[in-house]
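If you're wondering where the values come from, they're calculated on a predicted model, not measured in any experiment. The first residue in the sequence is number 1, and the count goes up from there.
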Amino acid sequence: MIEVRNLSKRYGDKKAVNDISFSVGKGEILGFLGPNGAGKSTTMNMLTGYISSTSGQILINGVDILENPIEAKSNIGYLPEIPPLYVDMTVDGYLNFMYDLKKCKLTRKAHLKEICDLCKISHVRERLIRNLSKGYKQRVGLAQALINNPPVLILDEPTVGLDPSQIIEIRSLIKKLGKNHTVVLSSHILPEIQAVCDRIIIINKGVIAADGTAAEIADKLTNEHKMTVRIEGSTHTASDKQEITDALKSIDGIKYVRADMEREKGIYDYDIESNEEIDVRRAINTLCREKDWNILMFQLSDMTLEDIFMKITSGDITAVKSNDENSSALAGYEIDFENGSSGAEKETVSDSSEIKEKKDKKSSSKKGGDK
């Protein structure tokens, strides 16, 4: 439903978006993430046709958004971070106006009723938009995006200003919409992305830094396993903590141990990181049995989306490389986060074929030297 090919956006000498490519299929919910200044909003604006690209192509349901913008945009329902509302209109008046603006051919009364019921705004249809709470204004904005039943929905921070119960309702609604629509969801609430989205793209410094499920990205980022073990020492005193910490560190495969807060007298949680190739759980159990220590809790801790996001965007990673040569996530080159720059920025050429040609020359030169 969405196809992005070698998309770039330049402002003077600055490349806000640098030769990115990805696709989103029908019925897929994509989480689109990135820190401030990464190129996320620029990409979203190009997807909706709000701004044009410097180079590259965007196809919405097979239609090029630059060559045929009206037809392409007719396939998009868009909710920007600040909903585009006319606050002096009633909800009903505004939705009817949007119905006419989008030249919707669905039965007006039944279609608007269905949307209002779906967004749970039926009881405020006669009220002025200016008198609604921020949460209800957000719902009205979502309702206008759904008018004409577009196959593609692009939602930028759709739960901003909602209370916890409303957030849960909107999450459920997005999941429901994902069965029949292609959804691109941008949010700074990372647990929301992890709970709702089928796939995640993280953009950083204008290039795609990661693409896949949270589990797939985590597997590429680290070969470590994390766990938390709650252990009761034999003497029930604080002196047990150091003894247990030192003993856990001596187990083959354990790379890091940190004693957390005291949960009860003499009972501490121990955060452990171990190498992926070695399952240390049985060794921990054997050690505790031999030392007469009681294991009161054993919990594996996978990388959260917050962990992934911070590793990619804060410089903790020296390089992330795609395992799939056809993947849009860093296909063919690396990102050097340690030095705060991307491989694409280091290259004087941005075209992927030129980068490949440059690499082929380096490869052939190396082979010549070996001879």
Side-chain angles (χ1 to χ4, degrees), residues 2-24 30-60 64-67 69 72-73 76 78 80-82 84 154-157 160 184-188 190 193 200-211 217 308-322 327-359:
I2 300 175
E3 187 77 28
V4 176
R5 301 173 181 170
N6 305 110
L7 190 68
S8 294
K9 180 64 177 179
R10 184 188 293 274
Y11 295 99
D13 295 332
K14 169 69 175 176
K15 266 198 172 181
V17 176
N18 192 357
D19 194 30
I20 67 172
S21 298
F22 64 91
S23 60
V24 193
L30 174 72
F32 197 63
L33 302 176
N36 292 333
K40 175 171 61 72
S41 296
T42 301
T43 303
M44 297 276 283
N45 285 333
M46 288 189 287
L47 285 178
T48 59
Y50 182 69
I51 61 175
S52 61
S53 60
T54 302
S55 62
Q57 186 179 39
I58 298 173
L59 301 177
I60 305 294
D64 191 302
I65 201 163
L66 290 182
E67 292 183 359
K73 291 176 186 179
I76 299 173
Y78 179 39
E81 184 175 355
I82 300 174
I154 298 178
L155 311 177
D156 193 358
E157 301 285 351
V160 168
V184 177
L185 171 64
S186 173
S187 176
H188 284 103
L190 299 188
I193 294 289
I200 298 162
I201 286 179
I202 300 177
I203 187 170
N204 192 45
K205 300 184 186 300
V207 296
I208 293 178
D211 185 351
I217 297 170
I308 293 169
F309 187 85
M310 289 304 297
K311 274 184 173 290
I312 287 176
T313 60
S314 67
D316 288 345
I317 299 174
T318 57
V320 179
K321 186 180 286 186
S322 172
S327 170
S328 62
L330 308 184
Y333 60 98
E334 294 182 349
I335 293 185
D336 183 359
F337 293 107
E338 188 173 48
N339 297 319
S341 62
S342 70
E345 288 173 336
K346 291 179 181 178
E347 298 285 355
T348 57
V349 292
S350 60
D351 184 80
S352 58
S353 63
E354 293 179 6
I355 292 173
K356 184 177 184 300
E357 182 182 348
K358 200 170 182 182
K359 288 192 169 185

Q.
Please give me the minimum heavy-atom distance between V207 and N18, naming the atom from each residue.
A. CG1-O, 3.7 Å
(Q) Just so I know, are the side chains of S21 and V4 near enough to count as touching, which here means a heavy-atom distance under 4.5 Å? (A) no
(Q) Take a 6.0 Å sphere around CG of L66 and say whether it holds more than 12 heavy atoms from other residues, nucleotides or ligands. (A) yes
Q) Taking it one step at a time, do I20 and T43 satisfy side-chain contact (heavy atoms from CB on, under 4.5 Å)? A) CA-CA 9 Å; I20 67 172; T43 303; 3.9 Å; yes
Q) Do S8 side-chain atoms and D19 backbone N/O form a donor-acceptor pair below 3.5 Å? A) yes
**Q.** Shortest non-hydrogen contact from M44 toward L155
**A.** CE-O, 4.1 Å
Q: Please tell me if the side chains of L185 and L30 come closer than 4.5 Å, counting only heavy atoms from C-beta onward.
A: no
Q) Hey, is the main chain of S52 close enough, under 3.5 Å, to the side chain of K9 for a donor-acceptor pair? A) yes
Q) Have Q57 and D64 got a donor and an acceptor in their side chains that come within less than 3.5 Å? A) yes
Q: State the OH-OG1 distance between Y11 and T54, to the nearest 0.5 angstrom.
A: 7.5 Å
**Q.** Cation over ring face, K311 and F309, 6.0 Å, 45°
**A.** no
Q) Say you draw a straight line from OG of S55 to CG of N6; how long is it, rounded to the nearest 0.5 Å? A) 7.5 Å
Q.
Quick check for you: to the nearest 0.5 Å, what is the distance between D211 atom CG and I217 atom CD1?
A. 7.0 Å
Q) For the residue pair I312 and A210, what are the closest heavy atoms and their distance? A) CD1-CB, 3.5 Å
Q. How far does CD1 of I201 sit from CD1 of I208, to the nearest 0.5 angstrom?
A. 4.5 Å
Q: Identify the residue among I202, I203, N204 that makes a side-chain contact (heavy atoms from CB on, under 4.5 Å) with L33.
A: I202
**Q.** Shortest non-hydrogen separation from M46 to V17 and the atoms involved
**A.** CE-CG2, 3.9 Å
Q. Atom NZ in K73, atom CD1 in I60: separation rounded to 0.5 Å?
A. 11.0 Å
Q. Considering all heavy atoms of both residues, which atom of S186 and which atom of K40 are nearest to each other, and what is their separation?
A. OG-NZ, 3.4 Å
Q | Spacing of OG1 belonging to T48 relative to CD1 belonging to I154, to within rounding of 0.5 Å | A | 6.0 Å
(Q) Looking at every non-hydrogen atom in both residues, tell me the closest pair between I65 and L47 and how far apart they are. (A) CD1-O, 3.2 Å
**Q.** Residues R5, L59; criterion side-chain contact (heavy atoms from CB on, under 4.5 Å); working and verdict
**A.** CA-CA 8 Å; R5 301 173 181 170; L59 301 177; 3.5 Å; yes
